[in-house]
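Lettering follows sequence order; numbering is per chain, from 1.
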2 protein chains.
Amino acid sequence: MDGMARPRRLEPEARREQIIEAAIGTFAEVGFGATTRDLAQRAGITQALLYRYFASKSDLAETVFERVFLGRLSPHWIAELRDRRVPLHGRLCRFYRQYTAAIFTYEWLRIFMWAGLAGEALNRRYLGHVEDRLLAPMRDEIAAEPGIAAPDMEAMWALHGGIVYIGIRRHIYGLETPAEPGPAIEATVARFLAGLAAPLSGAAAPPSRAARPAAGRSARASSRR
Amino acid sequence: MDGMARPRRLEPEARREQIIEAAIGTFAEVGFGATTRDLAQRAGITQALLYRYFASKSDLAETVFERVFLGRLSPHWIAELRDRRVPLHGRLCRFYRQYTAAIFTYEWLRIFMWAGLAGEALNRRYLGHVEDRLLAPMRDEIAAEPGIAAPDMEAMWALHGGIVYIGIRRHIYGLETPAEPGPAIEATVARFLAGLAAPLSGAAAPPSRAARPAAGRSARASSRR
DNA sequence: TGATTTGCTGATCAGATGATCAACAAGGAA
DNA sequence: TTCCTTGTTGATCATCTGATCAGCAAATCA
């Protein structure tokens with residue numbers, strides 16, 4: 001079938017790239033427990049050659065890590081988020097369409113999740129950025145909108161989680177999801193804003209009698225486990 | 001410190017339980033790649049003894065899997081969800097408070113996520129149940145509420161994801177979250193219902209001009225990748 | 001054409017890992 | 001106490017895994 005056998009010798013640059021690409025796919029699929037022989041096979045080289053390009057398996061993993069996560073978030077998005085000439089709803093939708101276009105890939109989501117479970121520091125650092133550089137500006141923009149209750153950070157995380165969960169369902173759990181997240185994003189953003197605009201109206205009544213039995217202290221403080 | 005050395009010989013039942021408990025903690029922490037020696041050490045026994053109680057490591061993993069996931073969802077919750085004598089908001093909050101009390105544990109969330117990445121079938125099956133037995137009834141209850149737009153399944157998943165993401169942030173990513181999810185749940189449910197009640201009000205305007213450039217066909221159909 | 005550089009491979013090693021088994025010893029039965 | 005059942009262990013095995021290295025061969029140069 002594939003008539004021309006690929007060249008046996010490659011430029012170091014190209015070979016290195018080839019290994020990284022293969023590693024991204026492999027790590028995404030089976031996690032960082034992938035064997036060096038798996039990695040080599042997927043790259044179409046011998047296992048020994050890996051060590052000509054990377055000092056160790058974790059060195060390769062580190063490289064993959066940076067390749068996948070660094071530079072995916074465009075600072076331009078945040079600038080656009082602050083452009084108040086555009087209606088708020090439109091800005092939020094545009095941002096989340098761009099954001100999900102960047103991270104809703106099999107590789108990104110899975111490697112991010114594997115890394116999260118492994119306790120990688122880069123992971124927490126990334127989410128710190130999400131809170132500080134994305135959610136906080138979004139919250140500020142929403143708070144600046146007249147006739148809307150300013151959301152707290154938990155509310156922003158709920159919006160974020162509701163959208164990101166689409167990608168998790170698809171790429172982590174392997175479930176069916178809409179082919180395009182766009183409509184779901186628009187609906188979710190619209191509900192979110194409308195929900196903030198009408199804080200205690202109609203059916204969204206205060207908690208019922210049966211609603212708050214357990215929960216000792218109300219606990220706004222943060223703590224883990 | 002621990003003055004009394006524990007008995008060397010245990011009833012098979014008790015020993016088996018001890019191994020399972022240790023395995024739950026170990027698998028949650030490091031995943032199913034945990035070594036049998038790790039598992040044995042955490043259980044306080046020799047590695048060889050594991051094979052007296054479980055045919056293989058994957059046999060033990062299977063047992064852990066069932067132990068953690070089976071019987072966590074109470075059918076009673078769904079019955080309560082349908083009790084229309086209670087206001088809708090209260091029902092939804094009560095349900096999610098019960099649900100999160102059951103699954104927002106280090107062990108449950110992490111093992112579920114490890115299993116999801118590993119492509120376990122039980123995982124998808126569980127989420128199928130979530131959609132059919134939890135989200136669908138919730139949607140029906142909301143649809144039955146007067147003055148509220150009936151949400152589609154994607155909307156229900158967005159609500160669900162927004163809430164579940166709290167647990168993911170805490171136990172998978174190791175981030176700070178409110179000690180109690182209760183208040184966040186109430187706020188999220190309230191926003192969700194209010195957002196459905198006021199479909200196109202105020203700031204939640206239709207998508208702006210800059211909002212729908214890409215996205216060829218609108219795509220309600222489902223497909224993966 | 002012959003010499004030199006260097007990308008690449010096969011062989012190999014030490015340690016880790018899942019699994020097995022003969023033998024030991026704790027606790028009850030006779 | 002003695003015997004017997006059985007929960008438990010240390011030793012061991014075959015295989016896997018990350019890593020190393022001498023040597024081959026493709027491209028380049030003289």
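Contact between the side-chain N/O atoms of A/R52 and the OP1/OP2 oxygens of C/dC8 is not found at any separation under 4.0 Å. Distances shorter than 4.0 Å separate some side-chain N or O of A/Y53 from OP1 or OP2 on C/dC8. Considering only side-chain N and O atoms, A/R9 lies nowhere under 4.0 angstrom from the phosphate OP1 or OP2 of D/dA25.
For the pair A/D59 CG and D/dA19 C1', the computed distance is 13 Å after rounding to whole Å. Summarising the geometry, the separation between CG on A/L10 and C1' on D/dA25 is reported as 15 Å, rounded to the nearest angstrom. Atom CD of A/E11 is separated from atom C1' of C/dT6 by 12 Å (rounded to the nearest Å). The CD-P distance, from B/Q41 to D/dT8, rounds to 18 Å in whole Å. We find that CG of A/L49 is positioned 16 Å from P of D/dC21, with the value rounded to whole Å. Taking atom CD of A/Q18 as the reference point, atom C1' of C/dG7 lies 13 Å away to the nearest angstrom. Atom P of nucleotide D/dT20 and atom CG of A/L50 are separated by 12 Å, given to the nearest angstrom. Across the protein-nucleic acid pair, B/I19 atom CD1 and D/dG7 atom P stand 12 Å apart, rounded to whole Å.
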Identify each atom pair where a protein N or O and an N or O of nucleotides 14-18 of chain D are less than 3.5 Å apart, giving names and distance.
| residue | atom | partner | partner atom | Å |
| --- | --- | --- | --- | --- |
| D/dG18 | OP1 | A/K57 | NZ | 2.9 |
| D/dG18 | OP2 | A/T36 | N | 2.7 |
| D/dG18 | OP2 | A/T36 | OG1 | 2.9 |
| D/dG18 | N7 | A/R37 | NH1 | 3.0 |
| D/dG18 | O6 | A/R37 | NH2 | 3.1 |

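The backbone N or O of A/A102 sits nowhere less than 3.5 Å from a side-chain atom of A/W108 that would complete a donor-acceptor pair.
Neither side chain, A/D59 nor A/S56, offers a donor N or O lying under 3.5 Å from an acceptor on the other. A donor-acceptor contact closer than 3.5 angstrom links the side chains of A/E80 and A/Q98. No hydrogens or angles considered: a donor-acceptor pair under 3.5 Å links the side chains of B/W157 and B/E131.
When the nearest nucleotides of DNA chain D are assigned to B/P12 and A/S58 by heavy-atom distance, the more 5′-ward of the two goes with B/P12.
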Note to self: Using the rule given for side-chain contact (heavy atoms from CB on, under 4.5 Å), can you reason through A/R67 versus A/E17, listing the C-alpha separation, both sets of side-chain angles and the distance that settles it, and then say yes or no?
What the structure shows: CA-CA 11 Å; A/R67 172 66 59 93; A/E17 211 55 32; 2.4 Å; yes
Note to self: B/Y165 vs A/Y165, test: ring pair (Phe, Tyr, Trp, His ring centres under 6.0 Å). Steps then yes/no.
What the structure shows: CA-CA 7 Å; B/Y165 200 68; A/Y165 200 70; 7.9 Å; no
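When every heavy atom of A/F192 is checked against every heavy atom of A/P151, the shortest pair comes out as CZ-CB, 4.3 Å.
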